Amino acid sequence: STTMSFSEAEVQSARGAWEKMYVDAEDNGTTVLVRMFTEHPDTKSYFTHFKGMDSAEEMKQSDQVRGHAKKVFTAINDMVQHLDNSEAFLGIVNPLGKKHATQLKIDPRNFRIICDIILQLMEEKFGGDCKASFEKVTNEICTHLNNVYKEAGW
């Protein structure tokens, strides 16, 4: 469906949870990407400039990895600001999904992987409640991205 059903309370607690992560967007985003690349090495194949990097340490220091991490977290942040406005939310998700599906040809499973790692890191740093209040957001993001992929013929 194209409409989202977040209660006002859910929106507030999700934003509160995300805020804690976003304060250190570059570092937390880098941790998430490095975990993804080390735990799911096939995801690295989409990033030609990360291919030669094998150690987590090397990736952590990389300006490209850090730059992309910041991009990912900024996009999620934009979505989080619009949880109470489906149209604005989809205005961010749709072009992002389309670009990843048609130009970058990224496997849509990678979005779930990245969301799960974000939730994992939230739980480690801020506890289960923090994770729980953000889980619905990651599900929405992944569901809508998958819809865009279907429309793009995946």
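Quick caveat, the model's predicted, so the values are computed rather than measured. Throughout, numbering of the chain's residues begins at 1 and tracks the sequence.
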So is K136 actually on top of F6's ring, under 6.0 Å and inside 45° of the axis?
yes
Would you mind checking if K44 and D54 are paired as a salt bridge, meaning a charged N to carboxylate O distance below 4.0 Å?
yes
Chi angles and distances behind the side chain to side chain contact (heavy atoms under 4.5 Å, CB included) call for T138, R112
CA-CA 8 Å; T138 60; R112 186 70 262 175; 3.4 Å; yes
Look up atom CD in E140 and atom CG in L90, then write down how far apart they are to the nearest 0.5 Å.
9.0 Å
If Ile, Leu, Val, Met, Phe, Trp and Tyr residues are connected whenever their side-chain heavy atoms lie under 4.5 Å apart, and connections chain through other members, are V72 and V148 in the same group?
no
With a 6.0 Å cut-off on the ring centroids, do H68 and F50 count as close?
no
Roughly how far, to the nearest 0.5 Å, is the CG atom of L33 from the CE atom of M59?
10.0 Å
How would you list, by chain and number, every residue that makes a side chain to side chain donor-acceptor pair (under 3.5 Å) with Q61, sequence neighbours excluded?
E57
Could you report the tightest heavy-atom contact between W18 and I118, atom names first, then the distance?
CZ3-CG2, 4.3 Å
Exercise: identify the closest heavy-atom pair between C130 and S133
O-OG, 2.9 Å
Report yes if some heavy atom in the side chain of N94 is under 4.5 Å from a heavy atom in the side chain of E151; otherwise report no.
no
How long is the span from the CE atom in M122 to the CD atom in E124, to the nearest 0.5 Å?
12.0 Å
Any side-chain heavy atom of L104 sitting closer than 4.5 Å to one from Y46?
no
Any sub-3.5 Å donor-acceptor pair from E10's side-chain atoms to S7's backbone N or O?
yes
List for me each residue that meets side chain to side chain donor-acceptor pair (under 3.5 Å) alongside Q64, sequence neighbours excluded, and say none if there are none.
none
Going by side chain to side chain donor-acceptor pair (under 3.5 Å), name the residues that satisfy it together with Q81, two or more places apart in sequence or in a different chain.
N77
When rounded to the nearest 0.5 Å, the distance separating CD1 of I92 from CD1 of I141 is 9.5 Å
Quick one: OG on S62 to NE2 on H49, what's the gap to the nearest 0.5 Å?
7.0 Å
Applying side chain to side chain contact (heavy atoms under 4.5 Å, CB included) to D129 and not counting sequence neighbours gives none
Tell me the salt bridge (charged side-chain N to carboxylate O under 4.0 Å, His left out) pairs involving residues 69-81, sequence neighbours left out?
none
L119 versus E135, closest heavy-atom pair with distance:
CD1-CG, 3.7 Å
Quick one, K60 with V65, criterion side chain to side chain contact (heavy atoms under 4.5 Å, CB included). Give me CA distance, side-chain angles, the key distance, then yes/no.
CA-CA 7 Å; K60 271 184 200 128; V65 174; over 6 Å; no
I'd like to know whether N28 forms a side chain to side chain contact (heavy atoms under 4.5 Å, CB included) with V32, so could you lay out the CA-CA distance, the side-chain angles of the two residues, the decisive distance to 0.1 Å, and finally the verdict.
CA-CA 6 Å; N28 286 330; V32 168; 5.6 Å; no
With D24, which residues qualify under salt bridge (charged side-chain N to carboxylate O under 4.0 Å, His left out), at least two apart?
none
Would you name the heavy atoms of G97 and L145 that are closest together and state the gap between them?
CA-CD2, 3.6 Å
Value rounded to 0.5 Å, distance of CD in Q120 from OG1 in T31
11.0 Å
Closest contact, heavy atoms only, N139 versus T143:
O-OG1, 2.7 Å
Using a strict threshold of under 4.0 Å (side-chain N to carboxylate O), is an ion pair present between R109 and D42?
no
Should F126 and F134 be marked as a side chain to side chain contact (heavy atoms under 4.5 Å, CB included) after you check the CA-CA gap, both sets of side-chain angles, and the distance that decides it?
CA-CA 12 Å; F126 311 111; F134 203 67; over 6 Å; no
Aromatic ring centroids of Y149 and H100 under 6.0 Å?
no
Within one Ile-Leu-Val-Met-Phe-Trp-Tyr cluster: I76 and V23, side-chain cutoff 4.5 Å:
no
Once you measure the plane-to-plane angle for F73 and Y22, does it fall in the parallel (<30°), tilted (30-60°) or perpendicular (>60°) bin?
parallel
Taking the side chain as every heavy atom from C-beta outward, state whether N110 and I113 have any pair of such atoms under 4.5 Å apart.
yes
Looking only at non-hydrogen atoms, find the nearest pair between E26 and A69 and report the distance.
O-CB, 4.1 Å
